[in-house]
Amino acid sequence: RHSSPSASAATMLRASTQCHAAARRPAVSSGLTLGGRWSQPLQRSQLRTSVAQRAATLAHQVYELNDVDRAKLATELGYSTIGKELPNGVTLADIVKTMPPEVFDLDMPKAWSAVAISVVSLAASLYLISVCPWYLLPLAWAMSGTALTGWFVVGHDCAHRSFCKNNLLEDIVGTLAFMPIIFPYEPWRIGHNTHHAHTNKLKVDTAWHPVPESDADKLSGVSGAMTRAFLGSPLKLWASVGHWLIWHFDLNRFNEKQKPRVIVSLAACAAFAVIGLPAIVHFTGFWGLVKYWLMPWLGYHFWMSTFTVIHHTAPHIPFKQASEWNAAKAQLGGTVHCDFPGWVDFLTHDIAWHVPHHVNSRIPWYNLRKATVSLRENWGQYMTEGTFNWRMMKNIFTQCHVYDEVTNYKPFDFRKEEEFFGVQRAVLPNSM
C-alpha cells in the first residue's frame, strides 16, 4: 500500500482548500486521510468521500506541494508523475525552440508506411474475423478496431498538414481514410483545430470538458440519465459516438466559406454509407455488417474516446476561463502522456505520444517519440505522465464530471451519493 503525503503538506492544502470551498460544499469527513485509511466507521452516504475525491480536492493546490508530496499525490491519482506549474513567462515558442529541428521534418516513406500498416493490419484483422471461432471474435474485433484507429490517425496527420507538403493530396488521403468510419473529414478538422487552439479552455475546447453545474442540474429524465451514464462510467470510453453525431453533421455549425469543403466530406461519408454498408450486407448478411463493420467501428470509438479523455482529463488539471487561460500551461502541463501496450502504439502510429503534438501539431507521428524525449529532458518537471491503469480510469469515471472552480472537478452526485456511482466506486479496481 502506498503511503500518503506528509501531514504538514496535507494540513496546508486542506486549510487552503477549505478557505475557498467551505461556503460551497459540505465539509469533508475527518475520518478519511489522504491515503484512504478510515479512523472511524462512516455511514454509507459518507463513502462518496473516497480517496480519489479527497485527492481531487487537494489536487487543486498541487503546485504548492514539494517534490516528494507531489509524487505521492501522483500515486494516489494513478499517475507516475505530476508536474510542477510552468512559470508564467514561458511561451509555447520558448518550448518549441528547445526541440530538435529534425522532429519537424517530413519523411514520405515513413508517412506512407502508416497507410500501408493500416491497410494491411485492417485486412488481416478482417480475415481473422472471417475464420476464427465465435469465442475468439472479441480478440479479432479488438485488433480490427485498433487497426481502424490507425486509419483515423493517418487522416489526423493529414488534417494537421504533417503528412506531406501537398495540401490537396493530404485532403484526399484524409477524406479516404475517414470514409470507413463514416467520419466527415473537414468538419472534424475544423473542430479539432479549435481544440488545439483552445485546449482546456472552458466552454471553448471542443473535446471533453467538465459539465457546468447549471447544465448538470438540468440532466433529468431518460436523456439526462443516459448522459450521466455515458459520462460517469466506463461507457465514457464510447461517448465519442455521441460527439461524432452532434458535432460533425450539422451544416449550421459552419460558415459559408467552410460549407463547400464540409459538403464534400459529408458526401464522401454518404457514399460509404449508401454503397459500402449495403455491399457488406449483400455479401455477408446483416450479421456480417455487425461482424465486419459495426464491432470494429465501436473498437475505433473506444480508442478515440480513451485517448482523448486520458490526454486531457485528470483531477489536478484545470479547465480555465478565457481570461485566465495560458497556452503553454495548457498544452504542456495540461496534456497527459500515457503509455499503452506496444502493439497499440504500433497500430495507432504513436498517437498516444501526445504532449509534443500539442506543443506543435506539425510534428509528424514518426517523430513524436524523439520530440517527447526532448521535452522530458528540457521540460519534464512540468509534465504529467502515467501508464494506462485502473486507478487513473476509476477517477475519471467516478469523479471527473462537473466543473468546480476550486477543485477542478466534482462528481455528478456531489450533493448526495447515488447508487449508480457508489457501486462503481466500490467495485471498480483501484490497481495501477
Report task. Quick one: do His209 and Thr313 satisfy side chain to side chain donor-acceptor pair (under 3.5 Å)? Show the steps, please. Result -> CA-CA 8 Å; His209 54 77; Thr313 304; over 6 Å; no
Separation between [atom1] of [X] and [atom2] of [Y], rounded to the nearest 0.5 Å:
| X | Y | atom1 | atom2 | result |
| --- | --- | --- | --- | --- |
| Leu266 | Arg261 | CG | CZ | 13.0 Å |
| Leu148 | Leu126 | CG | CG | 8.5 Å |
| Ile82 | Asp69 | CD1 | CG | 11.5 Å |
| Leu65 | Lys72 | CG | NZ | 10.5 Å |
| Leu106 | Ile363 | CG | CD1 | 11.5 Å |
| Asn200 | Thr335 | CG | OG1 | 6.5 Å |

Query - Stepwise ring pair (Phe, Tyr, Trp, His ring centres under 6.0 Å) check, Trp238 with Trp244 - result: CA-CA 11 Å; Trp238 285 272; Trp244 165 74; over 10 Å; no
**Report entry** Stepwise side-chain contact (heavy atoms from CB on, under 4.5 Å) test for Val336 and Tyr79
**Finding:** CA-CA 9 Å; Val336 175; Tyr79 300 92; 4.1 Å; yes
Report summary line: The complete set of ring pair (Phe, Tyr, Trp, His ring centres under 6.0 Å) pairs with one or both residues in residues 113-143, sequence neighbours excluded, reads none
Over all atoms of both residues, closest heavy-atom pair of [X] and [Y]:
| X | Y | value |
| --- | --- | --- |
| Phe340 | Ile310 | CZ-CD1, 3.9 Å |
| Ser240 | Ser305 | OG-OG, 2.8 Å |
| Pro356 | Met99 | CB-CE, 4.2 Å |
| Leu86 | Leu332 | CD1-CD2, 3.9 Å |
| Gly333 | Ile317 | O-CD1, 3.9 Å |
| Gly155 | Ala177 | N-CB, 4.1 Å |

Report task. May I ask you to decide if Asp350's main-chain N or O and Trp365's side chain share a donor-acceptor pair within less than 3.5 Å? Result -> no
Query raised in the report: Is the side chain of Ser265 donor-acceptor paired with the backbone N or O of Glu186 at a distance under 3.5 Å, no angle test?
Result: yes
Report task. List in chain and number order the residues that pass salt bridge (Lys or Arg N to Asp or Glu O under 4.0 Å) with Glu256, two or more places apart in sequence or in another chain; answer none if no residue qualifies. Result -> Lys259
May I ask you to check whether [X] and [Y] show a side-chain donor-acceptor distance below 3.5 Å?
| X | Y | result |
| --- | --- | --- |
| Arg253 | Gln258 | no |
| Thr199 | Gln331 | yes |
| Ser144 | Ser125 | no |
| His358 | His312 | yes |
| Asn367 | Lys110 | no |
| Thr98 | Trp379 | yes |
| Asp205 | His198 | no |
| Thr91 | Asp94 | yes |
| His337 | Asp339 | yes |

Is there side-chain contact between [X] and [Y], with at least one heavy-atom pair below 4.5 Å?
| X | Y | value |
| --- | --- | --- |
| Ile263 | Leu251 | yes |
| Lys394 | Pro429 | no |
| Asp413 | Arg425 | yes |
| Phe421 | Arg228 | yes |
| Thr81 | Thr384 | no |
| Tyr403 | Asn408 | no |
| Gln424 | Pro234 | yes |
| His248 | His243 | yes |

Whether [Y] and [X] form a salt bridge (side-chain N of Lys/Arg under 4.0 Å from carboxylate O of Asp/Glu) is what I want to check.
| X | Y | result |
| --- | --- | --- |
| Lys165 | Glu170 | no |
| Asp171 | Arg189 | no |
| Glu76 | Arg391 | no |

Requested in this report: Check whether NZ of the Lys or CZ of the Arg Lys410 lies under 6.0 Å from the centre of the six-membered ring of Phe414 and within 45 degrees of that ring's axis.
Outcome: yes
Query raised in the report: Quick one: does NZ or CZ of Lys320 land under 6.0 Å from the six-membered ring centre of Trp325, within 45 degrees of the ring axis?
Result: no
Query raised in the report: For the residue pair His357 and Trp353, is the inter-centroid distance of their aromatic rings smaller than 6.0 Å?
Result: no
Query raised in the report: For the residue pair Phe178 and Phe152, is the inter-centroid distance of their aromatic rings smaller than 6.0 Å?
Result: yes
Give every donor-acceptor pair under 3.5 Å between a side-chain atom in residues 276-296 and any protein atom, sequence neighbours left out.
{"residue": "Thr284", "atom": "OG1", "partner": "Ile280", "partner atom": "O", "Å": "2.5"}
{"residue": "Trp293", "atom": "NE1", "partner": "Pro180", "partner atom": "O", "Å": "2.8"}

Query raised in the report: Can you list the steps and then say if Trp112 with Phe163 is a ring pair (Phe, Tyr, Trp, His ring centres under 6.0 Å)?
Result: CA-CA 8 Å; Trp112 286 104; Phe163 184 81; 5.1 Å; yes
**Report entry** Test ring pair (Phe, Tyr, Trp, His ring centres under 6.0 Å) applied to His349 and Tyr366, step by step
**Finding:** CA-CA 7 Å; His349 314 306; Tyr366 40 84; over 10 Å; no
Assign the ring pair [X] / [Y] to parallel, tilted or perpendicular, where the plane angle (0 to 90°) is split at 30° and 60°.
| X | Y | answer |
| --- | --- | --- |
| His311 | Phe307 | parallel |
| Trp303 | Phe388 | tilted |
| His196 | His156 | tilted |

Query raised in the report: After noting the C-alpha distance and the side-chain angles of Arg369 and Thr372, does the key distance pass the side-chain contact (heavy atoms from CB on, under 4.5 Å) rule?
Result: CA-CA 5 Å; Arg369 289 180 182 247; Thr372 300; 5.6 Å; no
Query - side-chain contact (heavy atoms from CB on, under 4.5 Å) between Tyr300 and Trp151, worked out - result: CA-CA 9 Å; Tyr300 151 72; Trp151 287 57; over 6 Å; no
**Report entry** Intermediate values then yes/no, side-chain contact (heavy atoms from CB on, under 4.5 Å), Tyr409 and Phe319
**Finding:** CA-CA 9 Å; Tyr409 288 95; Phe319 273 69; 3.5 Å; yes
Query raised in the report: Are His192 and Trp188 close enough, and set up right, to give a ring pair (Phe, Tyr, Trp, His ring centres under 6.0 Å), and what steps lead you there?
Result: CA-CA 6 Å; His192 190 65; Trp188 175 84; 4.4 Å; yes
